[in-house]
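In what follows, chains are A, B, ... by sequence order, proteins preceding strands, each numbered from 1.
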Amino acid sequence: MTDATSVDSPRTTTVAVEKPARNGLRKALTSLPAIIFYGALLVLWELASQFGWVRSFILPGPSLIAQSIALNWDSLWSNTLVTAREILIGFLVGSLLGFILALGIFYSKPLRTIIYPGVVFLQTVPKVALAPLFLIWFGVGESSIVAITALICLFPILVNTVVGFEGVDVNLLELMHSVSANGWQKFRMIYLPASLPEIFAGLEVGMSLAVVGAIVGEFIGARAGLGYQILMANSRIDTAEVFAAIVFISAVGMLFYFGVRLLGRLLVGTRANTRTARESA
Amino acid sequence: MTDATSVDSPRTTTVAVEKPARNGLRKALTSLPAIIFYGALLVLWELASQFGWVRSFILPGPSLIAQSIALNWDSLWSNTLVTAREILIGFLVGSLLGFILALGIFYSKPLRTIIYPGVVFLQTVPKVALAPLFLIWFGVGESSIVAITALICLFPILVNTVVGFEGVDVNLLELMHSVSANGWQKFRMIYLPASLPEIFAGLEVGMSLAVVGAIVGEFIGARAGLGYQILMANSRIDTAEVFAAIVFISAVGMLFYFGVRLLGRLLVGTRANTRTARESA
Amino acid sequence: LGGCAASSDEPGGSEGEGGLDLVTLRHSWVPDQITLPYAAAKALGFYEEEGIQLVDQPGNGGATSVQLVANGEVMFGTGEASHVISAQTKGIELVSVMQQYQEQPNAVITMKDSGIEDWDDLRGKSIGGAVASSGHLATLAALQLKGIDESEIDFVNLSPGAQFAALSEGQVDAAGTFLGNLAALDLKDEVNILTVADAGYIAPSTSLFTTPELIEKNPDLVERFVRATVKGLRAALEDPKGTSEAMAGMYANVNAESLQATFEMDSRFLVNDFTDENGLGMHNADAWEQQVEMLTELGELTGDVDLSKAFTNDFVEKTDKADRSFPQK
Amino acid sequence: MTTGSGGAAVSLRDVSKTFQTASGPMQVVDSVSVDIEAGSFVSVIGPSGCGKTTVVRMVGDLLAPSGGDILIDGLPPSAARAARQFGFVFQRPTLVEWRSVLRNVTLPLDVLGWSRKDKENRGRELLELVGLEDFADHRPDQISGGMQQRVAIARALSYDPGVLIMDEPFGALDLITRDRMGFELLRIHAEAGKTILFVTHSIDEAVLLSDRVLVMGPRPTAVQKFEQVDLPRPRVPDHRDDPTFIGLAHELREMLEPHD
Amino acid sequence: MTTGSGGAAVSLRDVSKTFQTASGPMQVVDSVSVDIEAGSFVSVIGPSGCGKTTVVRMVGDLLAPSGGDILIDGLPPSAARAARQFGFVFQRPTLVEWRSVLRNVTLPLDVLGWSRKDKENRGRELLELVGLEDFADHRPDQISGGMQQRVAIARALSYDPGVLIMDEPFGALDLITRDRMGFELLRIHAEAGKTILFVTHSIDEAVLLSDRVLVMGPRPTAVQKFEQVDLPRPRVPDHRDDPTFIGLAHELREMLEPHD
Ligand SMILES: Nc1ncnc2c1ncn2[C@@H]1O[C@H](COP(=O)(O)OP(=O)(O)OP(=O)(O)O)[C@@H](O)[C@H]1O
Ligand SMILES: Nc1ncnc2c1ncn2[C@@H]1O[C@H](COP(=O)(O)OP(=O)(O)OP(=O)(O)O)[C@@H](O)[C@H]1O
Ligand SMILES: Cc1ncc(C[n+]2csc(CCO)c2C)c(N)n1
Ligand SMILES: [Mg+2]
Ligand SMILES: [Mg+2]
């Protein structure tokens, strides 16, 4: 008997039959290599630290970082809340803006020639150098950081939305045209749902950049946050605390990133199946 | 007589007939609003500077920046060459790595669970905080900067390649399966060409990030480059020179960005037409 | 790991070109007034005279210098004395072998029209500054000496570039900055300057440090390097213009005039009563003690400090008195 | 036969179309003039690639003619479309993959802003008509190609337009379903007095269903013949044995296969 | 009639298929056992959505059976596919949009590593066969749906497989082209001794072209009849008037439309 999964190994064409077996054990087995890999990495890292292969002021071992986390729990936690809020707001503002600009680009050629260079410019300009402007325009504090965060994560969402919109099946558009759907209806019923895979790819990248944005923003001007804490710890040459803060940033980043991913899977999920559906059906 | 472009205003369904008229005058008319917009912005900015609405050490006017460019032409130019090389090498390394990791993620589920968290982690970690590690692992100078650049621009290419590959028409894969194409042939003849729009969207974003990466890399420790020049000018509070350097960075960034875009249009172009092709044809 | 390979290089064992001993140095910052003594020594052939070839690299803060020197990546580094002290409490043994800045070159500046003219006026106001820099600690110390509690001030972390903008646009009431950074600012005439030194806080700032291992293995090299550098420092003080011009020819994007201006502005922190008595480059034990006391009081130090291990005057003292004497004007 | 107002529901006057291709301009439609009476059922046949689709797409406002005029109930195509005077069934099902079968059928009603309840009712009614009542909640990818095309037909009927433009709508159907759908279409045509413009590649089907058969010539296509089908209404499968049917079908076959 | 070895080229033994759907398992193929003689032309007919495509997809190694065994020239589908013993023509053209028509035809030859020259020759030869020699350099989106399907057929023939599995390959063709292609297929079948498994929804076509007609029942489908077509070879269009043809076509029609 042939194995249908041979059609296309990474994405089985007819997984339907095997599905029940899959969810439990198989899923666990799938993440096993990752657990082993990262586990081994952690152990190696700890050994490297214990045996002094890497000096702890350059790269402290996991146990030292854990100690520092325990010691600085309160400040890490409160700074995490600050940074998390900045990331979230910045991401929301940035994605919305990126999305809206993408609409401008998509629906208007003149706007496209206006928006693209401006956005590319803002994207490539080192934000640190623009810090004074940010402070003047957005004020000292969270709003500046949110602005930087939004600016930094806007672009991938913009580009991917445009690519998604441009890739929409023209047949569907003709269908909508033939029933005299207005622009908003085409947008709502076709463009938006059809572009969700690309938009979410943009949101994933954007979210990862929002984390960077918030930290950079805090480097430039802040009263609190994990980026701020990194600066402070660094000036004290407390590398363990620097890494403790990095652990928290990464945790926040991963949480948000995989949150966006999950949301995407939930919204696009049914489609992913469709895409792997059989030809004639 | 109906206007065929009404089918879908932003992307005309049957542009063929109008094409000849389009290329010349129309194109110019299309970019006119952008020219007016940015021209007006420039004038406004100059006025703001001339009338002292913004202090020149915060935001020097265009004429002051132009003066500074004239004055510092030689160093701006030589630093531009340095930074451009870093961006280019970092971008190439990063895209290649991102692409290869995407293949790993796409073709192997266990690898996916290993790679994704690692890359998200590396993406969100503030590179400046990791400066000592970079300097130790990659040495002082260009290699560290290239490493940071590569790291920062890898992710969008990775994510978009995966999304592109996952979106490949399953019918084409079944076709390839039915002629017993091997994995490499499927990759070469279907996956890769079919994913070009998404891959290039990733490359566009990646390129804009590579510029940021090179500047951040230079902040960590460099002897030359536009990021270095910004630091130097900043320490002198020579804001005009800071902005002169920013102008050059942005020029480099735009050049590279639109280069990637152009390459993408050249490679995907024929397809873009196809996508806007009529339904039954 | 690269780290292992690099640290296995025997410190002081490398040879440079033409039989010269290779010395590697990580600066605390991009080429600026702190770099000038080294550039002067290089330009005037002092290193060569000592049989040394200097290979230096720009930096991004004293903390990185500390890490790279301690890990054996480079032989010497420059950074704040407070970095050396902090490092010690983290078990990182480094020794300052030359004191470049005798005093903290920091100030709090306010707009003249703000009416803030004295430290006392700062109560309840906001100060923007790089909170992670030595300058911030110096500001805190000065406030403490003036009897102002940290909680009475609203500190905002602002990167150097952002401080003056925020100040002039009224986003903050005051800015904490390196005084030298003011040299080129066209805001100079519109601001009040409150230096921490005038507030009574005399603490060492930028130092040249290395590892105890290098000192033990190759004290001669350290001695020669320090001697040449001290001579460079003296040369820079003697001829700021000439050395600045020489340095401008050695590094990219160095502007001789503004370098000279900032260096001259900082000179008062390099040369003071202590150097009049002891010469340039000498460590002022009292100043170091005051700094440790203050850092402890501010809760910046987590362990005990043994100052006898943190700096040594042994090498500076081996430099001819004449080579390190430069009287205050 | 329930005829409409008697005037021309669809009228083409000297309509031509030239595509600009990489290898220069290619004329696909020569000069087509034809009047389709309101309420009549007209089939369009012609050799593969001659330009049938091109013609009906121009009528359906999906393509601008290079020359000539088109009127639908007196309106140019774009206005007629806006007034929702016609429904279009494409050669391919063109279903929205993320909507259920039912919600694909009711897509035009979403556009028209119908209430949830009305949409649901109308949708189920139409699914019953095309024999897919059990598949309302399936996804398009879970039903066969033939079923997909039936969904597309139900969708075109959803807002009950006066003119139906159908480009080989039964191409993907099996013969039995095809027959059933054909007579279903005739019932709709008769009951609701719809005008139907129906592209097909089956001569039998064209003759069996139509009032008139529009025979198109090879590319660049022009009207070769506009045959009257003199069979009584209502049509039944047994009309296939009618001499009129056999004669006309034979004549049309000869016309399309001249060398045979 | 050029028959092959005489043994079964394709053999299905108790083949069944159940899909797992959102609303539970759905059996589509019941228990199909059939032997298709080497070199024979077998048509598959049955009601819409009964499972014809599902069956041929299992034969073509595009779907794993839930039960039973399939052998092609004695090999399981995957091995037969690897040995390139069959070619598959999908219900939809499935062309690669970024390749020219010619390069779509020669795609399998790219996979087989043919030389540029050989590919070019073979490709043009096949395009001539399907009447598209003038469209070699067109993009798929520049040709009509019918032309696209002809490209797909040419592609399946490219590497000259012993067995051709075709899922309603002529569905998008007009009748004339369809007839021409059908007889073209018969010529290929006869000349090259190919075994052909041919899904169609045209009873006429099935009878006219085949040695045997496999009649499938409604879902879950099973073999309802495996009729012998006792018409001589070579077949000609006039066989449509042969009483054997008329009788069998009628019988099959009755079988699929029992209530009629
Ligand atoms: N956008 C286009 N650009 C260039 N040529 C086109 C375009 N659309 C159609 N054609 C050409 O016009 C001709 C007629 O195409 P059309 O689809 O109208 O034929 P048809 O009669 O519907 O064919 P079929 O019966 O196969 O569906 C074809 O030769 C096709 O290649
Ligand atoms: N992947 C799948 N998941 C669930 N159901 C499926 C799937 N594929 C096919 N089916 C169902 O199996 C049945 C048979 O489908 P199939 O495509 O084989 O029919 P068919 O006989 O080829 O129809 P047609 O003549 O319309 O092409 C249909 O009811 C369809 O809904
Ligand atoms: C943000 C910032 N960091 C460091 C320096 C370099 N620097 C110039 S003077 C001085 C104090 C000397 O002890 C230092 C460290 C700077 N200019 N700005
Ligand atoms: Mg057509
Ligand atoms: Mg089928």
Residue list, ring-ring contact (aromatic ring centres under 6.0 Å, His included) with A:F138, at least two apart or on another chain: A:F134

Quick one, D:D110 with A:Q185, criterion side chain to side chain contact (heavy atoms under 4.5 Å, CB included). Give me CA distance, side-chain angles, the key distance, then yes/no. CA-CA 9 Å; D:D110 279 350; A:Q185 289 168 328; over 6 Å; no

With only heavy atoms counted, which part of D:I165 is less than 4.5 Å from chain A, the side chain, the backbone, both or neither? neither

Should [X] and [Y] count as side-chain neighbours, where that means a heavy-atom distance under 4.5 Å?
X      : Y      : result
D:L107 : A:L175 : yes
D:D61  : A:H177 : yes
A:M189 : D:V96  : no
D:F90  : A:N171 : no

Report the residues that fulfil side-chain contact (heavy atoms from CB on, under 4.5 Å) with A:L203, sequence neighbours left out, ordered by chain and then residue number. A:F91, A:S95, A:I157, A:I199, A:F200, A:V260

Sequence neighbours left out, what passes side-chain hydrogen bond (donor to acceptor under 3.5 Å, both in side chains) with D:S43? Give chain and number order. D:S210

For a quick test of reading the model, state the closest non-hydrogen atom pair linking A:V179 to D:R84 and the distance between them. O-NE, 3.1 Å

Under the 3.5 angstrom rule, does the side chain of A:S180 hit a backbone N or O of D:R81 as a donor-acceptor pair? yes

Just checking heavy atoms, which of residues 155-163 of chain D are less than 4.5 Å from chain A? D:R155, D:Y159

